[in-house]
Participant: 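One structure coming up, written as structure tokens, with questions to follow.
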2 protein chains.
Amino acid sequence: MKKTQITIKDIARELNISPSTVSRALKNHPDISQVTKDLVNKYAKDFHYKPNALALSLRTSKNNTIGVIVPEINNYFFSSVLSGIEQIANQADYNVIVCQSGENYEKEVRDTKALISSRVSGVLASLCKHTTNYDHFQDIIDSDIPLVFFDRICIGIITDRVVVDDYAGAFAAVEYLIQSGCKRIAFYSSPFHLEISKNRKNGYLDALRKYGLMVDESLIRVCDTREEAIMITPEILDRPDRPDGFFAINDHCAAGIMYAVKSAKLKVPDDIAIFGFSDGELAKACDPMLSTVEQHGFEMGKNAATLLLDKIDGITHGQYTNKIVKTNLIIRGSTK
Amino acid sequence: MKKTQITIKDIARELNISPSTVSRALKNHPDISQVTKDLVNKYAKDFHYKPNALALSLRTSKNNTIGVIVPEINNYFFSSVLSGIEQIANQADYNVIVCQSGENYEKEVRDTKALISSRVSGVLASLCKHTTNYDHFQDIIDSDIPLVFFDRICIGIITDRVVVDDYAGAFAAVEYLIQSGCKRIAFYSSPFHLEISKNRKNGYLDALRKYGLMVDESLIRVCDTREEAIMITPEILDRPDRPDGFFAINDHCAAGIMYAVKSAKLKVPDDIAIFGFSDGELAKACDPMLSTVEQHGFEMGKNAATLLLDKIDGITHGQYTNKIVKTNLIIRGSTK
DNA sequence: TTGTATGCGTTATCAA
DNA sequence: TTGATAACGCATACAA
């Protein structure tokens, strides 16, 4: 069994013809005689010739690979996005290199460097929670590599972006809570330097204002995990003026709230309604099932990848799109 | 602003020295004078020189990239594995190319071809549900690319493998159900040509036998999604000899069973106990929380990546490991 | 201490 | 119809 990959040169040598002829025969060049073509193709097939994509990339300085930087692979929303990206990329014959920043700024910086070195055709990125300096992303752009942000975007850098309609989603969710009878609604958010947090908070605030409800700053908390929610919620439920509704920045957090509420012997949704954000796997597993804002991660991934490919192909040179993926409410049992 | 990436040649030209000198200066070769080094490094830094990984790969025919073929990115278990792989790969300065077969055999075949063309240093793969022909994987091996299977392995190909201890996990789970009082236990499985299905079924059967319980073939069903479980379970619950325990091949399926059981006004775990497999995100969201077999996806990913890197480095040349990741039971509220 | 030549696999250009 | 050559970016054996 031949162990190393066979090259065009090998075929040429064995067949006593020149490498250029082999190359042309393989790509069915009109100048080459059918006899030669058949000979070459047969040999290539028999010995499992596979073109070396590296050599091709070096020549064309374009390697049909896009890099993705994502805070956490192991998160339903992000893995949905990744899945959408993979699908579009694959259709266009691109590979996908995945980098997980792990919510770590230094790792994010290293990832951008690695992707530039790999000469990827383009980069898709979602910021890590703690990123406040964006030089490494500017570096990507200065290297002439198209860049598209998704979800956790930064507005300091001019480029394409794909976000969900965080403001509208939040507004609609809170409005729904209000219309179904909630008077005091708490909001658990991710850190507020993130655009998604700002936008959702604005949606939350505007919904309250529209219906003339008072804003109570003590009901707005930074909390975006199940564990934190289980930790901080009991105290809030203990207050005489406890809220009758919660709007959470993600489903994990909402599930934590639900756990705390049930533990406090309160009823969902009668005593307390809960609204999540994402529609992840766990939403349907909750009892009652979680009402949540569908975030269409898969769609977002497809959109982001499409924008990136257009940029790579130069179709949208110099123009920057701000794509907004519509959200919609999924009403289940955790709200009235 | 210079738009295209600067190369060693560019630096050489600008500094009136030869490319080899630049190359050596950049990697701090002892032969080069400090003056030259400083000059080169300053220029490289000022103009954001980044080595072209493609060219390097072509030279060394080793591109520090590993390919991963996975049925579904958007699945908690697999994304955990991916996360573990990424971590180990990253530490060793490898990139990770992710291919999603989407449980589609043809896509899986295309993915293997693409990875070979990319001349990845190694491949990690988990079979798609319907794969019964393994030639494309043999192709990888014949191309002298190290290959490690994880979770959904095939035994027809000689290579490293990482699996969870499906047999022991299933045995322990079913034994737990029996010891907590279950007499008739149903088993919902993935298709039986998969090794994981076979092994878990054997664990299930042996546990029943050990305790002298009858095997009822009508309680062994192919069903591995929430939707299917919701569909087929009511009929089983309706039978006069309905089971008092369920062992499901994954948590989604278990959650579907739980939904059906509650809908039938039966109590979990008093009337019917439920055991899942995976410990995914939704396990804790269920009410009662799901007892499940912890599958350590992250560990599995780390193990698989480590095995692969060892093979790539030639450390384990010619020897094939069958790594078994231990499972453990997580007992929560869905069992007595 | 630095420069020249070569090759990794491929293909475009020019020549035969 | 086919072949020789150069080039993509880099590293290294060899020469100076």
Side-chain angles (χ1 to χ4, degrees), chain A residues 2 4-41 43-44 47-65 114 116-121 143-145, chain B residues 2 4-41 43-44 47-65 114 116-121 143-145:
Chain A
K2 205 33 169 294
T4 44
Q5 272 295 323
I6 182 183
T7 75
I8 280 190
K9 278 187 184 170
D10 296 327
I11 302 182
R13 188 170 2 87
E14 291 304 315
L15 262 38
N16 274 316
I17 53 180
S18 83
S20 11
T21 306
V22 176
S23 171
R24 282 182 279 230
L26 285 170
K27 38 181 13 204
N28 204 22
H29 193 102
D31 282 355
I32 303 295
S33 72
Q34 196 55 48
V35 188
T36 311
K37 279 182 191 170
D38 290 346
L39 210 62
V40 169
N41 283 314
Y43 193 96
F47 290 84
H48 300 104
Y49 168 77
K50 301 254 179 7
N52 184 327
L54 260 49
L56 258 154
S57 301
L58 182 59
R59 261 187 71 80
T60 60
S61 52
K62 164 164 194 321
N63 71 352
N64 272 50
T65 298
I116 294 175
S117 260
S118 298
R119 297 295 191 273
V120 291
S121 303
S143 302
D144 208 20
I145 298 177
Chain B
K2 207 26 172 294
T4 43
Q5 275 294 325
I6 181 184
T7 74
I8 280 190
K9 276 187 187 171
D10 296 327
I11 302 182
R13 189 172 0 87
E14 292 304 313
L15 262 38
N16 274 316
I17 53 181
S18 84
S20 30
T21 305
V22 176
S23 171
R24 281 181 279 233
L26 285 170
K27 39 180 13 203
N28 203 23
H29 192 103
D31 282 356
I32 304 294
S33 73
Q34 196 55 47
V35 189
T36 311
K37 279 183 191 169
D38 291 346
L39 209 63
V40 170
N41 283 315
Y43 192 95
F47 290 84
H48 300 104
Y49 169 77
K50 300 253 177 10
N52 183 327
L54 260 50
L56 257 155
S57 301
L58 183 59
R59 251 187 76 79
T60 59
S61 52
K62 164 164 194 323
N63 71 350
N64 271 51
T65 298
I116 295 176
S117 261
S118 298
R119 296 298 191 271
V120 292
S121 303
S143 302
D144 208 20
I145 297 176

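In what follows, every chain begins at residue 1, and chains take the letters A, B, ... in the order their sequences are listed.
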Participant: I'd like to know if the side chain of B:Ser143 and the backbone of B:Ile116 have a donor-acceptor N/O pair within less than 3.5 Å.
Facilitator: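 The answer is no, because no donor-acceptor pair under 3.5 Å joins these two groups.
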Participant: Can you list the residues that meet the side-chain contact (heavy atoms from CB on, under 4.5 Å) rule with A:Thr60, with sequence neighbours excluded?
Facilitator: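 Listed in chain order: A:Lys62.
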Participant: What is the separation between atom CG on A:Leu15 and atom C1' on D:dT2, rounded to the nearest whole Å?
Facilitator: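 To the nearest whole Å, that distance equals 14 Å.
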Participant: Return the polar atom pairs (N/O with N/O) between nucleotides 12-16 of chain D and the protein under 3.5 Å, or none.
Facilitator:
unit_1 : atom_1 : unit_2  : atom_2 : d
D:dA13 : N6     : B:Arg24 : NH1    : 3.4

Participant: Within the structure shown, what part of the strands sits under 4.0 Å from B:Ile17 by heavy-atom distance: base, sugar-phosphate, or nothing?
Facilitator: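 Sugar-phosphate, no base atom in range.
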Participant: For B:Lys62 and D:dA11, give me the distance from atom NZ to atom P, rounded to whole Å.
Facilitator: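 Value for this atom pair: 14 Å.
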Participant: Looking at every strand, decide which applies to A:Asn52 at a 4.0 Å heavy-atom threshold: base, sugar-phosphate, or nothing.
Facilitator: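 Sugar-phosphate: the residue A:Asn52, judged by heavy atoms under 4.0 Å, touches backbone atoms but no base.
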Participant: Which residues pass the salt bridge (charged side-chain N to carboxylate O under 4.0 Å, His left out) test with A:Lys37, not counting sequence neighbours?
Facilitator: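 Checked A:Lys37 against salt bridge (charged side-chain N to carboxylate O under 4.0 Å, His left out); zero matches.
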Participant: Please give, in whole Å, the distance from D:dC10 P to B:Asn63 CG?
Facilitator: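 Going from CG in B:Asn63 over to P in D:dC10 covers 16 Å.
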Participant: Below 4.0 Å from chain B heavy atoms, what is the first contacting nucleotide of DNA chain C and what is the last?
Facilitator: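 Contact boundaries, 5' end first: C:dT1 to C:dG9.
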Participant: Would you please name every residue forming a side-chain contact (heavy atoms from CB on, under 4.5 Å) with A:Ser61, sequence neighbours left out?
Facilitator: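 Listed in chain order: nothing, the list is empty.
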Participant: Of all residues at least two apart in sequence or in a different chain, which pass the side-chain contact (heavy atoms from CB on, under 4.5 Å) check with B:Ser20?
Facilitator: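 Scan of B:Ser20 (side-chain contact (heavy atoms from CB on, under 4.5 Å), adjacent residues dropped) gives B:Ser18, B:Arg24.
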Participant: What residues form a side-chain hydrogen bond (donor to acceptor under 3.5 Å, both in side chains) with A:Asp38, not counting sequence neighbours?
Facilitator: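 In terms of side-chain hydrogen bond (donor to acceptor under 3.5 Å, both in side chains), with neighbours along the sequence ignored, A:Asp38 is linked to A:Gln34.
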Participant: Can you name the residues that form a side-chain hydrogen bond (donor to acceptor under 3.5 Å, both in side chains) with A:Thr36, not counting sequence neighbours?
Facilitator: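 Result, side-chain hydrogen bond (donor to acceptor under 3.5 Å, both in side chains) vs A:Thr36: A:Ser33.
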Participant: Please, which pairs that meet side-chain hydrogen bond (donor to acceptor under 3.5 Å, both in side chains) have at least one residue in residues 48-59 of chain A, sequence neighbours excluded?
Facilitator: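 Counting only pairs at least two positions apart or across chains, the side-chain hydrogen bond (donor to acceptor under 3.5 Å, both in side chains) contacts touching residues 48-59 of chain A are A:Lys50-B:Asp139.
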Participant: Between D:dA11 atom C1' and B:Asp31 atom CG, what is the distance in whole Å?
Facilitator: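 Between C1' of D:dA11 and CG of B:Asp31: 14 Å.
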Participant: Residues two or more places apart in sequence or in another chain: which of them pass side-chain contact (heavy atoms from CB on, under 4.5 Å) with A:Leu39?
Facilitator: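 side-chain contact (heavy atoms from CB on, under 4.5 Å) list for A:Leu39, sorted by chain: A:Leu15.
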Participant: Could you tell me how far apart A:Asn16 (CG) and D:dA4 (P) are, to the nearest whole angstrom?
Facilitator: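 Atom-to-atom, A:Asn16 to D:dA4, this comes out as 11 Å.
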Participant: For the residue pair A:Ser118 and A:Thr65, establish whether any side-chain heavy-atom pair is separated by less than 4.5 Å.
Facilitator: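 Heavy-atom side-chain distance check fails, nothing below 4.5 Å.
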Participant: To the nearest 10°, give me the bend of the helix from C:dT1-D:dA16 to C:dA16-D:dT1, comparing the axes of its five terminal pairs at either end.
Facilitator: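 Angle reported: 60°, given to the nearest ten degrees.
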Participant: Determine which pairs satisfy salt bridge (charged side-chain N to carboxylate O under 4.0 Å, His left out) with at least one residue from residues 9-19 of chain B, sequence neighbours left out, and list them in order.
Facilitator: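 Applying salt bridge (charged side-chain N to carboxylate O under 4.0 Å, His left out) to every pair that reaches into residues 9-19 of chain B, excluding sequence neighbours, yields B:Asp10-B:Arg13.
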Participant: Using a cut-off of 4.0 Å on non-hydrogen atoms, how would the nucleic acid contact of B:Thr60 be classed: base, sugar-phosphate, or nothing?
Facilitator: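 If one applies the 4.0 Å heavy-atom cut-off, B:Thr60 turns out to touch nothing in the nucleic acid.
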Participant: If you find the nucleotide of DNA chain C closest to A:Tyr49 and the one closest to B:Pro30, which residue's nucleotide is nearer the 5' end?
Facilitator: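 Going by which nucleotide is closer to the 5' end, it is B:Pro30.
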Participant: Closer to the 5' end of DNA chain C via nearest nucleotide, is it B:Leu58 or B:Ser33?
Facilitator: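 Upstream on the strand: B:Ser33.
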